[in-house]
Amino acid sequence: MRVGIDGRDGAGKTEFGDELGAALTALGRPVLRASGDGFHRPRAERYRRGRDSGLGYWLDAFDLSRFAGDLLVPFAAGEPVRTAVHDVRTDAALDLAPVLPAPGTVLVVDGMFLHRDELAAYWEFSVYLHVDLAVSLARLHARDGPPPTATDRYAEAQRIYAAACDPAARATLRLDNSDLAAPRVITPAE
C-alpha cells in the first residue's frame, strides 16, 4: 500500500508521516518512509524561471518522473526502490542502494503536490493536511528562521496547485492540522 501525506509547507507532513509510520509499525506492519523532498531537481533546474517564481516551483521543483520511476512504480510491483535521488540541502545527486520492501510493507510518503495529475493515481490512500497560510508561515519561521525572500514563490505555487488539482477533494482523508496535537477531520461540506 502506498500512502501519500500532502499539504502546504509547514502543514506538518513529515511529523504526521513519521507518527503514522510508528503507529503502523506498532501494529506489526513493516513501513518504508520516504519524502518528496528526496526527489527535488538540481538547483539550476528548480530556479530556471527565477528564484521567486511560483510557476517555477510548481513546474520545476520536483523530478516527478524519477519520483514515480524510482519509488512509486517499483514499490507497487514489489521491486527494489530508491527512497531519494537528490539532496536538496547540498544540491547533490544521491546514489543510494535500492531497497527491496518486505511483503506487506506500507510506503508512507510525505511531500508537496502529491495529488497533482501525474501522481494522484499512485496512492491507495492519501491524506491532505490543511493549514492556513499564516500557520504555514509561522511554522516555517520557527523551523527555518526568518521567512525566505521567496515566500510568495511557495504561496503562489500552492494557489496554482489548488486551482489545477483541488488536492483536498482528491485526498482520501482531509485533516485540519492547525493544532499538531489534535488534527481534526474536515468533512467534504467544509
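Each residue takes its place number in the sequence, starting with 1.
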Visitor: Okay, side chain of Arg184, backbone of Ser178: is any donor-acceptor separation there less than 3.5 Å?
Guide: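 Between the backbone of Ser178 and the side chain of Arg184 there is no qualifying donor-acceptor contact (under 3.5 Å).
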
Visitor: Give the cluster check for Leu32 versus Leu119: same hydrophobic cluster or not, with ILVMFWY residues linked at side-chain heavy-atom distances below 4.5 Å.
Guide: yes

Visitor: To the nearest 0.5 Å, what is the distance between CZ (Arg41) and CG (Leu64)?
Guide: 7.0 Å

Visitor: Any donor and acceptor pair, going by atom type alone, linking the side chain of Arg82 with main-chain N or O of Asp70 inside 3.5 Å?
Guide: no

Visitor: Examine distances only and state if a side-chain atom of Asn177 and a backbone atom of Leu129 form a donor-acceptor pair shorter than 3.5 Å.
Guide: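 Such a contact is absent between Asn177 side chain and Leu129 backbone.
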
Visitor: Can you hop from Ile5 to Val135 via hydrophobic side chains spaced under 4.5 Å?
Guide: no

Visitor: Applying side-chain hydrogen bond (donor to acceptor under 3.5 Å, both in side chains), name anything that partners Glu79, two or more places apart in sequence or on another chain.
Guide: none

Visitor: For residues Leu27 and Met1: do they belong to one hydrophobic cluster (side chain heavy atoms under 4.5 Å, members Ile, Leu, Val, Met, Phe, Trp, Tyr)?
Guide: no

Visitor: Measure across Pro74 and Ala68 and return the closest heavy-atom pair with its distance rounded to 0.1 Å.
Guide: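 Closest approach of Pro74 to Ala68, heavy atoms only: CD-O, 3.6 Å.
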
Visitor: For Leu180 and Pro183, which heavy atoms make the closest approach, and how far apart are they?
Guide: O-CD, 3.8 Å

Visitor: Identify the two heavy atoms, one from Arg33 and one from Val108, that lie closest to each other, and give their separation to 0.1 Å.
Guide: NH1-O, 3.0 Å

Visitor: Could you tell me whether a side-chain N or O of Lys13 sits under 3.5 Å from a main-chain N or O of Arg8, the two making a donor and an acceptor?
Guide: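 Side chain of Lys13 to backbone of Arg8: a pair is present.
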
Visitor: Would you say the side-chain atoms of Arg2 pair up with the backbone N or O of Trp123, donor to acceptor, closer than 3.5 Å?
Guide: no

Visitor: Do any N or O atoms from the side chain of Ser126 and from the backbone of Thr172 form a donor-acceptor pair under 3.5 angstrom?
Guide: yes

Visitor: Would you call Asp117-Arg170 a salt bridge at under 4.0 Å N-O?
Guide: yes

Visitor: Among residues at least two apart in sequence or on other chains, which ones pass ring-ring contact (aromatic ring centres under 6.0 Å, His included) with Tyr161?
Guide: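 In terms of ring-ring contact (aromatic ring centres under 6.0 Å, His included), with neighbours along the sequence ignored, Tyr161 is linked to Trp58, Phe113.
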
Visitor: Measure from the side-chain N and O atoms of Thr105 to the backbone N and O of Ala102, and report whether any donor-acceptor pair falls under 3.5 Å.
Guide: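 Checked: pair present.
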
Visitor: State yes or no: do Val85 and Leu96 share one hydrophobic cluster built from I, L, V, M, F, W and Y residues joined by side-chain heavy-atom distances below 4.5 Å, directly or via other members?
Guide: no

Visitor: Following the transitive rule for hydrophobic clusters with a side-chain heavy-atom cut-off under 4.5 Å over Ile, Leu, Val, Met, Phe, Trp and Tyr, establish whether Leu114 and Tyr128 coincide in one cluster.
Guide: no

Visitor: To the nearest 0.5 Å, what is the distance between CG (Asp9) and CD (Gln158)?
Guide: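 Asp9 atom CG to Gln158 atom CD measures 6.5 Å (nearest 0.5 Å).
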
Visitor: Testing Val127, Thr14, Val3, Asp6 one by one against Asp110 for a side-chain contact (heavy atoms from CB on, under 4.5 Å), which residue passes?
Guide: Thr14

Visitor: Check whether any side-chain heavy atom of Val88 sits under 4.5 Å from a side-chain heavy atom of Arg46, and report yes or no.
Guide: yes

Visitor: For the pair His40 and Phe62, name the ring-plane relationship: parallel under 30°, tilted 30 to 60°, perpendicular over 60°.
Guide: tilted

Visitor: Apply the salt bridge (charged side-chain N to carboxylate O under 4.0 Å, His left out) test between Asp60 and each candidate in Arg153, Arg49, Arg51; give the one that qualifies.
Guide: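 For Asp60, the salt bridge (charged side-chain N to carboxylate O under 4.0 Å, His left out) check succeeds only for Arg49.
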
Visitor: Measure the shortest side-chain to side-chain distance between Asp152 and Asp52 over non-hydrogen atoms and say whether it is less than 4.5 angstrom.
Guide: no

Visitor: Rounded to the nearest 0.5 Å, what separates atom CG in Asp176 from atom CD1 in Ile186?
Guide: 5.0 Å

Visitor: With ring-ring contact (aromatic ring centres under 6.0 Å, His included) as the rule and sequence neighbours excluded, what pairs involving residues 65-92 come up?
Guide: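 As it turns out, the ring-ring contact (aromatic ring centres under 6.0 Å, His included) pairs with a partner in residues 65-92, which skip direct neighbours, are Phe39-Phe67.
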
Visitor: Identify the two heavy atoms, one from Gly54 and one from Ala157, that lie closest to each other, and give their separation to 0.1 Å.
Guide: O-CB, 3.5 Å

Visitor: For Leu71 and Ala34, which heavy atoms make the closest approach, and how far apart are they?
Guide: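 In this case the closest contact between Leu71 and Ala34 is CD2-CB, 3.8 Å.
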
Visitor: Would you say the side chain of Tyr154 lies within less than 4.5 Å of the side chain of Met112, judging by non-hydrogen atoms?
Guide: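 No; the side chains remain at least 4.5 Å from each other.
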
Visitor: Atom CG of Leu107 and atom OH of Tyr122: how far apart are they, to the nearest 0.5 Å?
Guide: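 Result: 13.0 Å between the selected atoms.
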
